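These values consider heavy atoms only, across backbone and side chains, with no hydrogens, waters or symmetry-generated copies. Quantities reported herein were computed from a predicted structural model and do not represent experimental measurements.
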Amino acid sequence: QVRLVESGGGLVQPGGSLRLSCAASGTIIRIYAMDWYRQAPGKQRELVATATSGGSTNYADSVKGRFTISRDNNRVYLQMNSLKPEDTAVYYCHTDSGFWGQGTQVTVSS
């Protein structure tokens, strides 16, 4: 069993920045990919960014150039810059083995 704990969400003004963190603990054999998803009210959960253990990263078109995902063993981070109101959502950490964190709220509003 793997436990994922996110932190770093909050309220920020448009144009501001936040850094999300996710730490994996428990019975970890190997985690190949760690992702960040988000879900806004009334919308489906969507993939935001992925980072593999090999160093590859991928981003949703909506966040390219603004968000940066990074890995440090079993931790994953999401640096979010130039935040927009449409980035408001609950952000979830996820592993390729199917584990989810509890989510952290990000609200972008003036």
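Judged as a side-chain hydrogen bond (donor to acceptor under 3.5 Å, both in side chains), and not counting sequence neighbours, the contacts of K64 are D61. R45 pairs by the side-chain hydrogen bond (donor to acceptor under 3.5 Å, both in side chains) definition with Q39, not counting sequence neighbours. Annotation: salt bridge (Lys or Arg N to Asp or Glu O under 4.0 Å) contacts of R66 (sequence neighbours excluded): D87.
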Working for side-chain contact (heavy atoms from CB on, under 4.5 Å), residues N81 and F67
CA-CA 6 Å; N81 298 328; F67 290 12; over 6 Å; no

Walk me through whether V12 and T107 qualify under side-chain contact (heavy atoms from CB on, under 4.5 Å).
CA-CA 6 Å; V12 64; T107 302; over 6 Å; no

Which is it for E86 and V108 under the side-chain contact (heavy atoms from CB on, under 4.5 Å) test, yes or no, and what are the steps along the way?
CA-CA 8 Å; E86 51 263 44; V108 184; over 6 Å; no

For residues 2-10, please give each side-chain donor-acceptor pair under 3.5 Å, one per line with the distance, not counting sequence neighbours.
unit_1: E6; atom_1: OE1; unit_2: Q102; atom_2: N; d: 3.0
unit_1: E6; atom_1: OE1; unit_2: Q102; atom_2: NE2; d: 3.3
unit_1: E6; atom_1: OE1; unit_2: G103; atom_2: N; d: 2.9
unit_1: E6; atom_1: OE2; unit_2: C93; atom_2: N; d: 2.7
unit_1: E6; atom_1: OE2; unit_2: G103; atom_2: N; d: 3.3

Taking only distance into account, with no hydrogens and no angle test, what donor-acceptor pairs under 3.5 Å do side-chain atoms of residues 51-58 form with protein atoms, sequence neighbours excluded?
unit_1: T52; atom_1: OG1; unit_2: G54; atom_2: N; d: 3.3
unit_1: T52; atom_1: OG1; unit_2: G55; atom_2: N; d: 3.4
unit_1: T52; atom_1: OG1; unit_2: S56; atom_2: N; d: 3.1

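In plain terms, the two heavy atoms of S21 and W36 that are nearest each other are O-CH2, 3.7 Å. Between V76 and M34, the shortest heavy-atom contact is CG1-CE, 3.8 Å. Heavy atoms only, all atoms of each residue included: Y59 and I69 are closest at OH-N, 2.9 Å. Pairing each heavy atom of S109 with each of P14, the nearest pair is C-CD, 3.6 Å. Across R38 and S62, no two heavy atoms sit closer than the pair NH2-OG, 3.4 Å.
One finds the CZ atom of R75 at 9.0 Å from the SG atom of C22 (value rounded to the nearest 0.5 Å). Put simply, CG on N74 and OG on S25 are 9.0 Å apart, with the number rounded to the nearest 0.5 Å.
Neither Y77 nor V106 shares a network with the other; the hydrophobic side chains, linked directly or stepwise wherever heavy atoms of I, L, V, M, F, W or Y lie under 4.5 Å apart, form separate groups for each.
Residues Q79 and S70 are not in side-chain contact: their nearest non-hydrogen atoms beyond the backbone lie 4.5 Å or more apart. Using a 4.5 Å heavy-atom threshold, the side chains of M80 and V63 count as separate.
A donor-acceptor pair shorter than 3.5 Å can be found between the side chains of T95 and S97.
Taking Ile, Leu, Val, Met, Phe, Trp and Tyr as hydrophobic and joining them when side-chain heavy atoms fall under 4.5 Å apart, one finds Y92 in a cluster with Y37, L47, V90, W100.
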